[in-house]
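All remarks here apply to the structure that follows.
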Amino acid sequence: VQDGAALIDLSGMRGVHVYKDSNGIDLVHVEGGAQWRDLDRETSRYRLACPGGLISTTGVAGLTLGGGIGWLSRRFGLACDSLESLELVTCKGDVITASSKENSDLFWAMKGAGANFGIVTSFTFRLQNVSDIAYCILQYPSEKRYEIFALYSKLIHNAPNSTSFYIFVDLENITIIGVYTDTSTFDQLYEKIAEITEPLFKLSPQVGEIEVKPYWQLQRQFDVGNASGKCYYWKSLYLDKLGSSGGSLQNIREDSELKSFVDDIFDCLKGAPERTSVEFMHLGGAICEGQSAFGNRNALLEMHSISVWNPPALPRPFQSLSAQEQQSKMAQMKEEQKKVYSQWAQSFYDRMTKHTKISVGYSNVTCDENINNSNTDAEQKMRRSFGENYNKLVEIKDKFDPNNFFHYNHNVTPKATKVWKKSKQESEKKG
């Protein structure tokens, strides 16, 4: 929590209710403190699902308001694209509803930039008929990286919306996860994922498994590796392409851009702190069709570095200090520890930006301490993040939060704040 900020705890508000509206459409009402596992538990009883993220302990609010990329996104869109309405408390303390029929401009803005406008107390989502998911996981030694990335490029450029491929890279191993979803039977899903992933098995993985499982189980598959209590640092970058061949190459030697890309990743990982990896999320498909404030919908991939470490333990000599002094020392140690990971993440980001025209990343997985500052650099990042939507967002911010009450976020700065800042800076120069 930022110094000087107020934290509103909604963790006691985790109610979830599945129902049909008057037109027979399946909906779910979710309170603002719910996690995705709360939602999945209720919807799975009816063989329904809402597109969420990759981890079941993620909060529904945070993921949705920042967009919401996950296992089902290429088929059904982002989490925010399934929103029917939401209830929020504004900076004035008013409780209002935002939907396509009521405060429609705010509703558009909340879907991707929602932390800027209020505190959401409940969401209503449309649901999809999803029960079982076809899933595969394959792991290879990093020595095969050129073959793997050549094939990965081909797969993601040619995949139908029903299919997504994710890739996880560290210095020793490369892991690919494939997900396929449609309304087929259990046996048909198995046959389809086996057919889609046949080229991956031809590369002789160390581990190669295919399963058909309930969607809620897939959502919980990686919870252990993302447990609370650990320290995490993420840095994200969108990719508009992977190499120059558009997925048509047979060998990476045919694509010097892709080879350079792979070399840069592994050169960076050689100097990375312990327990650091790089993850790629497959975008496109239905994500491109959504209409909201969420920017860069046409990106091909989202790439982010992930660093995980245990919080420091206070050394014995400092345990005799007062509670306040111990707290201060722990804060200092945590900051020093984080600096190691954040500096590496920034250096990785800086090196990889030459491989994309977008040069910003997904806000939900970007740790950037300066993103909420009302300065020129931060504003330029936000302009790139939201693209052509930014100016419209400023207008909506002027309407619903003109004094920037909600600013500890990926901040859209209202005009009034910009004018005040400029006036203050001019006064300080004269003084």
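The basis for the numbers below is simple: all heavy atoms, side chains too, and nothing from hydrogens, waters or symmetry mates.
Annotation for Asp21: atom CG counts as buried by contact number, over 12 foreign heavy atoms lying within 6.0 Å. For CD of Gln327, the number of neighbouring non-hydrogen atoms (other residues, nucleotides, ligands) closer than 6.0 Å is 12 at most.
Looking only at distances, no side-chain donor or acceptor of Tyr215 sits under 3.5 Å from a matching main-chain atom of Leu72. Looking at Asp267, its side chain never comes within 3.5 Å of a backbone N or O of Asp264 through a donor-acceptor pair. Put simply, the side chain of Arg14 never gets that close to the backbone of Gly32: no donor and acceptor are under 3.5 Å apart. The closest donor-acceptor contact from the side chain of Asp38 to the backbone of Ala34 lies at 3.5 Å or more, if one exists at all. With hydrogens and angles ignored, the 3.5 Å screen pairs no side-chain donor or acceptor of Thr64 with any backbone N or O of Ala61. Using a distance-only test at 3.5 Å, with no hydrogens or angles considered, no donor-acceptor pair links the side chain of Asn129 to the main chain of Leu48. Side-chain atoms of Ser342 come within 3.5 Å of backbone N or O of Lys338 as a donor-acceptor pair. Looking only at distances, no side-chain donor or acceptor of Ser153 sits under 3.5 Å from a matching main-chain atom of Phe149. In this structure, Asp401 contributes its side chain and Phe406 its backbone to a donor-acceptor pair below 3.5 Å. With hydrogens and angles ignored, the 3.5 Å screen pairs a side-chain donor or acceptor of Ser385 with a backbone N or O of Lys381.
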Please report the C-alpha distance between Arg275 and Asp170 in whole Å, then the side-chain angles of each, then the deciding distance to 0.1 Å, and finally whether the salt bridge (charged side-chain N to carboxylate O under 4.0 Å, His left out) criterion is met. CA-CA 8 Å; Arg275 295 191 65 190; Asp170 61 35; over 6 Å; no
Decide salt bridge (charged side-chain N to carboxylate O under 4.0 Å, His left out) for Arg37 and Asp223; before the verdict, give the C-alpha distance in whole Å, the side-chain angles of both, and the deciding distance to 0.1 Å. CA-CA 10 Å; Arg37 61 169 46 212; Asp223 286 1; 3.0 Å; yes
Test side-chain contact (heavy atoms from CB on, under 4.5 Å) on Val18 and Leu127 and set out the steps. CA-CA 9 Å; Val18 178; Leu127 295 175; 3.9 Å; yes
Run the side-chain contact (heavy atoms from CB on, under 4.5 Å) test on Cys50 and Leu39 for me, step by step, so that the C-alpha distance in whole Å, both residues' side-chain angles and the decisive distance to 0.1 Å come before the verdict. CA-CA 8 Å; Cys50 179; Leu39 187 154; 3.9 Å; yes
Show, in sequence, the C-alpha distance, side-chain angles and deciding distance for Glu279 and Ile167, and conclude whether the side-chain contact (heavy atoms from CB on, under 4.5 Å) test is met. CA-CA 6 Å; Glu279 177 181 342; Ile167 187 166; over 6 Å; no
For Phe168 and Tyr166, what are the C-alpha separation, side-chain angles and deciding distance, and is it a ring pair (Phe, Tyr, Trp, His ring centres under 6.0 Å)? CA-CA 7 Å; Phe168 304 78; Tyr166 300 79; 7.2 Å; no
Kindly indicate, with the supporting measurements, whether the criterion side-chain contact (heavy atoms from CB on, under 4.5 Å) is fulfilled by Leu301 and Tyr152. CA-CA 11 Å; Leu301 292 165; Tyr152 185 66; 3.6 Å; yes
Do Arg145 and Asp263 pass the salt bridge (charged side-chain N to carboxylate O under 4.0 Å, His left out) test, and can you show the C-alpha distance, the side-chain angles, and the key distance before you say yes or no? CA-CA 9 Å; Arg145 55 186 175 271; Asp263 286 341; 5.0 Å; no
For Lys339 and Glu335: C-alpha separation, side-chain torsions, deciding distance, then whether salt bridge (charged side-chain N to carboxylate O under 4.0 Å, His left out) applies. CA-CA 6 Å; Lys339 188 176 181 181; Glu335 193 61 33; over 6 Å; no
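A salt bridge is defined here as a Lys NZ or Arg NE, NH1 or NH2 lying under 4.0 Å from an Asp or Glu carboxylate O, and Glu257 with Lys241 meets this definition. Salt bridge Lys192/Asp182: present, at least one basic N to carboxylate O contact under 4.0 Å. A salt bridge is defined here as a Lys NZ or Arg NE, NH1 or NH2 lying under 4.0 Å from an Asp or Glu carboxylate O, and Glu84 with Arg126 meets this definition.
Contact check for Ser56 versus Gln35: no side-chain heavy atoms found under the 4.5 Å cut-off. Looking only at side-chain heavy atoms (C-beta outward), Met281 and Tyr362 come within less than 4.5 Å of each other. The side-chain heavy atoms of Ile196 and Phe165, taken from C-beta on, include a pair separated by under 4.5 Å. A 4.5 Å side-chain heavy-atom check between Ile133 and Gln217 finds every atom pair outside the cut-off. In this structure the side chain of Thr163 never reaches within 4.5 angstrom of the side chain of Val179, judged on heavy atoms. Side-chain contact between Arg74 and Leu283: absent, with no pair of heavy atoms (C-beta onward) separated by less than 4.5 Å. Contact check for Leu237 versus Thr353: side-chain heavy atoms found under the 4.5 Å cut-off. Using a 4.5 Å heavy-atom cutoff, the side chains of Leu189 and Tyr180 are in contact.
The aromatic rings of Phe348 and Trp344 sit parallel, their planes meeting at an angle under 30°, below the 60° perpendicular limit. Taking the six-membered ring where the residue is Trp, Phe294 and Tyr238 present perpendicular rings, their angle passing 60° and hence far from 30°. Relative ring orientation between Trp71 and Tyr135 is described as perpendicular, the plane-to-plane angle rising above 60° on a 0-90° scale split at 30° and 60°.
With 3.5 Å as the limit, one finds no donor-acceptor pair spanning the side chains of Glu379 and Thr413. Between Gln188 and Thr185, the side chains place a donor N or O and an acceptor N or O closer than 3.5 Å (distance only, hydrogens not considered). Judged by distance alone, the side chains of Arg383 and Asn391 do bring a donor and an acceptor atom under 3.5 Å apart. A donor and an acceptor atom, one from each side chain of Arg220 and Thr57, are nowhere located under 3.5 Å apart. In this structure, a donor-acceptor pair under 3.5 Å is absent between the side chains of Thr181 and Ser162. Side-chain atoms of Thr175 and Gln139 include a donor-acceptor pair closer than 3.5 Å.
To the nearest 0.5 angstrom, Leu203 atom CG is 6.5 Å from Lys144 atom NZ. Taken to the nearest 0.5 Å, the NZ atom of Lys334 stands 11.0 Å off from the CH2 atom of Trp309. Atom CD1 of Ile176 and atom OG1 of Thr197 lie 10.5 Å apart (nearest 0.5 Å). If you take CD1 on Ile96 and CD on Glu102, they are separated by 8.0 Å, rounding to the nearest 0.5 Å. How far CG of Leu10 is from OG of Ser122: 10.5 Å, rounded to the nearest 0.5 Å. Residue Phe266 holds its CZ atom at 7.0 Å from CG of Leu171, rounded to the nearest 0.5 Å.
In this structure Leu300 satisfies the side-chain contact (heavy atoms from CB on, under 4.5 Å) test together with Ile156, His157, Leu242, sequence neighbours excluded.
With a 6.0 Å cutoff to the six-membered ring centre and a 45° limit on the axis angle, Lys235 counts as a cation-pi contact of Tyr349.
Checked against a 6.0 Å centroid threshold, the rings of Tyr19 and His17 count as neighbours.
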Can you give me every donor-acceptor pair (side chain of residues 103-117, partner residue at least two apart or in another chain, under 3.5 Å) with its distance?
residue	atom	partner	partner atom	Å
Asn103	ND2	Thr97	O	2.8
Asp105	OD2	Lys399	NZ	2.9
Asn116	OD1	Asn411	ND2	3.0
Asn116	OD1	Val412	N	2.9
Asn116	ND2	Ala113	O	3.3
Asn116	ND2	His410	O	3.1

